[in-house]
Amino acid sequence: MTAVTGSKRTAQGESRQMLGHFLGLMGKSVFTALVLAFFVIPVLWLVFAPFDAHPGLNVKLPEFTFNNFKILFENPTAIASLGNSLILALGSMVVVLVLGSLASYSLSRVKIPGRDLLLYTLLLLSSIITGTAAMVPTFLLMVKLGLIDSQFGVILVLSGGILPTVIFILKDFMDSTPKSYEESARLYGAKPLRILWDVVIPLARPGLATIAVWAVVQVWGNFLVPYILLRSPSKSPASVVMYTFYTEGGQPNLALISAFSLLFSIPVVAMYFVVNRRYGFRFHGGIKS
Amino acid sequence: MTRTRFFAAAAGLLAGTVALSACGSSAAPSQATDQNADAKEVTLTITANAVSGGKNAAGADWITNYVIPKFEEAEKAKGVTAKVNFQPNGVDDQAYKTKISLDLSTGQGADVTSIDGIWLGEFADAGYISPLEDIVGKDKVQAWDGWKQIKPAVQQLTTYEGKQYGVPDGTDGRVIYFNKALFAQAGLPADWQPKSWDDILDAARKLKKLPDVTPLQINAGKAMGEAATMQGFLPLLQGTGQPINKDGKWQGNSQGVQDVLNFYSKVYGSEQLGDPLLQQDAKGRDKSFQEFSQNKLGILIESDYLWRSVINPVKGVSPMANRDSAVGWAKIPAQSSGKGPNGADFVSMSGGSGEVINPKTKYPQQAWELLQFMSSADAIKARIGSTPQISARDDVNGEILKADPLLNFISTEVLPVTAYRPGLADYTQVSAALQDASGMVASGKSAADAGNAYQKALEGIVGGNDKTFK
Amino acid sequence: MTAPAAGTGPSRAVADDGDVAGLGKARAMAFLAPALLLISLFLVFPALWTLYLGLTNYRLSGSAAKNPQFVGIDNYINALSDDRFFNSLGLTLIFVFGSAVIGQSALGFAIAWTMTRVRKSVRAVVEFFVLLAWIIPSSVTTFLWYALLDRSDGTLNAMLSTGNTAWLLDYPLQSIIVFNTWVGTAFSMLLFSSALASVPPSQLESARMVGAGAWAQFRDVVFPHIRGHVLTNTLLITLWTFNTFTPYLLTAGGPDDRSNILPIFIYRLALNDGALGQGSAISLIMIIINLVIATVYLRLLKERKS
């Protein structure tokens, strides 16, 4: 997309631009190839191992089999656990998107004393809460609230943990949406909640999409919180089931782990592409602020 | 929210915290032993680190398909409607321990919980578990006929400060495995049985001549974790005649510890009889198993777990199709003949697990009945019949293990000379210090330096040198 | 228009006349309340409790679980008097700088920037793999990287013909830096893609009209727009990288503690044997270090503004 619409075209300038265009294209291609190599080569193991009867700790051509997937489909909890992960991930995503939008909008538009201090304190505290140490208070709290073995309880705990980050990121996007539309909407008598919903949210959509994907990924991979707080095997998410494919001595069953991690990753990647296409990361109109 | 208001709110929350914390950790005295003894409707829960289709799947399936229906049936015959639930886990041991600690500390826990024998002391000290006699009554405990089938040494797995806290459900033993094909190539016998540490080193030297073969793997270093203690340091230390803990004191940088470290330095030092880099590798243990199964490793010290779950031709994670003919085993020798504890020629180390009853169970008598049922000869046979494993019961072992030569060997030859880890709260940290010491030697430090570092670490853990001996 | 950085104190655009929607303080508080309620209950409360545990000798089991003793700042003294703590701190700073600031942030931006100017199909493929690295469970990513870096069977040695180079043992810190870059770049890429998408094309167009080159476009049009996002991104991934435990599965902190970053140090010192009080104390120390780093970032970005 190198500019070819320069205002003053000269022969020399044009050839320089051609060269620049060529170099840019080269650079772009080389960079893209390197990035692809960097991200693809480690994944090679995951391309072969799930279809290998005896995968090892190295990349090799498989003794081809679908048996690993067959075992997984026969596993009483494995496939259902993906559904549980969806419940937890989408539940948390909705909670953090709704509460996070409201909160970040209000923080972005109204100067509340101590706002920045509060935000940063919460952000730092959220790094404690991921540790094992914090599981003790969290667990005792959930016992008191009667929320053990409740998926709703897990959603609340996970949402509480990621909300500060959500607000932190969303506030940036709210800050950088043009204010002129809100002013107009207000002149037409729209109420703040309506302005948020009809004007600000559509403008902040790239940010919301990022947050949605981020929140899903956080919840999707979380092992400790659902493991400690849930009891019924029928509620186990995939991240917990993933940890069961080991022997009693802690040796991994690489065949099942690799096959399951393929199944495990697909829903999230699919979700990303859906979100990207529908609510996507694109800019609407040429608003100048 | 203003800053002061924020802090006021925080202070309020913190006050609540302390109150909650206090009630969370108070260990309520257990109820009367005969509470609900005559109940006609009983609900009990079992938990174990097992899950169908995953870790310890056989154990989980056994609980679901055998224990629960059979026990409910037996209770029905007595006119009691029992409902037994199973909470599967099947995750990393540390995560499981965290979960059951939290559960037991709040009275949430299952009525019957499976724990690793090494956790017993910590759980008892924390008040998470109580002696069986306090929960169900001394006469009821003693009346069980299963005790006489469980060797006193194995009973130690669920004994703390002289009291039984549960019933052991299985044990294991460590041996030296070797690859018969590689041994034949190196001119070593198929019925090899070393009588001293030097015999092991001599065999390793012969294997060293084979191309692309690592002669010997004896776990060292903290990347190996507890496997470096149980399959490495402790069996060697037993072979010097002194256990790691005697009369409540821990063995410091003694001559025995120096001998062990010197053995490590012979293996991983200039002669390169082992692969020192593997000891630093985060996945070193996985890799050593893989190498063993691929005929790249000559000698490996492991428990029966290797045989049952790793190189098992059907269910193993690194299966060896010809395991039964290709793998040999031998007892671990003492440093030299007669150098073991009480003049023993051979040594081993064992671990195991057991089931405990939640002191806060609503139905202590029924929970004890369930536990007895789970530990009965018939039930154990049902558990290990298809995948043999060393149980806690002699009668079952005698019958089931005959079919499996290695397990039979361990049960008859190794268990009589084995030792168990001290179930003391400091053990985990001492074990880590031992791993560090062996790791230092494996990566090239001298035995003397590693020994001094160990002594220093040990004094830090136990608080001064009056709790150590040499 | 300015894109004020979150957490930077009063920002010009929003300061006095930012309330364009006529929210008013009362309604703003009402909008904020549900989130704060949830955070207070499920984050602040357990987090403060955890910090309180840092003043005790609490353990998950053993007699200290039954009767935790208040030990004041002993846990802090224990941690700070350990030489290995400072070794870990140094490694962590390098690790964070290398894998978060340079690795994830710069690479993430470069990918996001380049992907705005390639074909859609290429973009989809690149994004797919970058995201995959982020989503594959951490326990599994370590198998992937082990297969790549292993000395005897590793793919990297095969590709580079580097014999039996033991990457994980000879270059442990470098290995986990590259590894963590691989894992986490997706977030920066996503964030910067969104940020770049909200740069009004008309402004870029105007810049091009007056003949601004790529660098000038970036400096004068793009950067001012995404400055806030750059700060946010750097802050967040620094914080996360400080707390990441995954490299443990790749190198176990070794050999000889050469990749023993703080989260691994904590795990070994405290959580491995259930000493949660000690673990909580070090968590607070880590928070304070993060606070210092955040302040530095804020300074740097503010200076660049003027």
Side-chain angles (χ1 to χ4, degrees), chain A residues 1 3 6 28 31 35 39-40 42 45 57-59 99 102-103 106 109-110 116 119-120 122 124-129 131-134 137-138 156-157 160-161 163 168-169 171-172 175-176 179 182-183 186 192 195 206-207 210 217 221 242 261 265 268-269 272 281-283 286-289, chain C residues 1 3-4 6-7 9 18-23 25 27-28 31-32 34-35 38-39 42-43 46-47 49-50 111 114 117 126 129-133 135-137 140 144-148 153 155 190-191 193-194 197-198 200-202 208 211 228-229 232 239 243 271 276 279-280 283 287 290:
Chain A
M1 261 171 67
K28 200 166 76 182
F31 178 74
V35 166
F39 282 93
V40 170
W45 185 82
L57 288 169
N58 55 336
V59 178
L99 300 192
L102 285 171
S106 117
R109 296 298 187 263
V110 176
D116 299 319
L119 258 183
Y120 204 67
L122 292 180
L124 285 173
L125 286 182
S126 69
S127 70
I128 299 186
I129 214 71
T132 311
T138 305
L156 290 179
V157 170
L163 250 180
F168 205 77
I169 300 174
K171 187 177 159 294
D172 277 351
D175 284 347
S176 59
K179 315 285 182 297
E182 288 164 72
E183 277 163 19
R186 190 183 173 192
I195 296 178
T210 307
V217 170
M242 180 71 74
S261 47
S265 308
V268 184
V269 177
Y272 167 76
F281 304 90
R282 65 207 144 142
F283 189 74
I287 305 159
K288 279 189 193 175
S289 55
Chain C
M1 138 137 210
D19 188 10
V20 286
L23 213 49
K25 273 200 182 152
R27 223 188 254 112
F31 275 26
L32 200 52
L38 190 75
I39 293 173
F42 295 104
L43 173 70
W49 190 338
T50 308
I111 295 174
T114 312
R117 48 208 69 205
V126 170
F129 281 103
V130 177
L131 277 173
L132 199 61
I135 292 160
I136 296 171
V140 177
L144 305 183
W145 277 76
Y146 193 86
L148 180 70
D153 285 328
T155 316
L190 282 182
L191 190 74
S193 292
S194 309
S198 56
S202 55
R208 274 191 219 115
H229 299 289
T232 302
L239 190 62
N243 286 286
L271 304 182
L276 297 183
S280 307
S283 299
I287 285 187
N290 269 295

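Just so it is clear: chains get the letters A, B, ... in the order the sequence lines come, proteins before strands, and each one is counted from 1.
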Q: If every non-hydrogen atom of A/P137 is compared with every non-hydrogen atom of C/P46, which pair is closest and at what distance?
A: CG-O, 3.7 Å
Q: Where does C/L144 contact chain A at under 4.5 Å (heavy atoms): side chain, backbone, both or neither?
A: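 C/L144 touches chain A through backbone and side-chain heavy atoms alike.
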Q: So which part of C/N290 gets closer than 4.5 Å to some heavy atom of chain A, the side chain, the backbone, both or neither?
A: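 It is both, since atoms from each part get that close.
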Q: So, taking the atom named CD1 in C/I287 and the one named OG in A/S127, what distance separates them when rounded to the nearest 0.5 Å?
A: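 Reported to 0.5 Å precision, the distance equals 4.0 Å.
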Q: Which one wins on heavy-atom pair count under 4.5 Å against chain A: C/T155, C/L148, C/V140, C/L132?
A: C/V140
Q: If you tally heavy-atom pairs under 4.5 Å against chain A, which of C/P34, C/A133, C/A47, C/P137 wins?
A: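 Maximum pair count with chain A is reached by C/P137.
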Q: Test side-chain contact (heavy atoms from CB on, under 4.5 Å) on A/L163 and C/L43; report intermediate values, then the result.
A: CA-CA 9 Å; A/L163 250 180; C/L43 173 70; over 6 Å; no
Q: Using non-hydrogen atoms only, which part of C/I135 is less than 4.5 Å away from chain A: side chain, backbone, both, or neither?
A: both
Q: Which bit of A/V269 is near chain C, if near means a heavy-atom gap under 4.5 Å: side chain, backbone, both or neither?
A: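 Both backbone and side chain.
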Q: Passes side-chain contact (heavy atoms from CB on, under 4.5 Å), A/F168 versus C/T232? Steps please.
A: CA-CA 8 Å; A/F168 205 77; C/T232 302; 3.5 Å; yes
Q: Looking at side-chain heavy atoms only, is the closest gap between A/I169 and C/L191 below 4.5 Å?
A: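 Contact flag for A/I169/C/L191 side chains = yes.
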Q: Does any heavy atom of chain C fall under 4.5 Å from the side chain of A/V59, the backbone, both, or neither of them?
A: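 The answer is both parts of A/V59.
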Q: Could you tell me the separation between the CG atom of A/L57 and the CG atom of C/D153, rounded to the nearest 0.5 Å?
A: 9.0 Å
Q: For A/K28 and C/R117, which heavy atoms make the closest approach, and how far apart are they?
A: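 Distance-wise, the nearest heavy atoms are NZ-O, 2.9 Å.
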Q: When rounded to the nearest 0.5 angstrom, what distance separates CZ in A/F39 from CG in C/L131?
A: 9.5 Å
Q: Pick from A/G221, A/G160, A/S106: which one has the most heavy-atom pairs with chain C under 4.5 Å?
A: A/S106
Q: If I take atom CD1 from residue C/I39 and atom OG from residue A/S126, how far apart are they, to the nearest 0.5 angstrom?
A: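 Interatomic distance, C/I39 CD1 to A/S126 OG, rounded to 0.5 Å: 9.0 Å.
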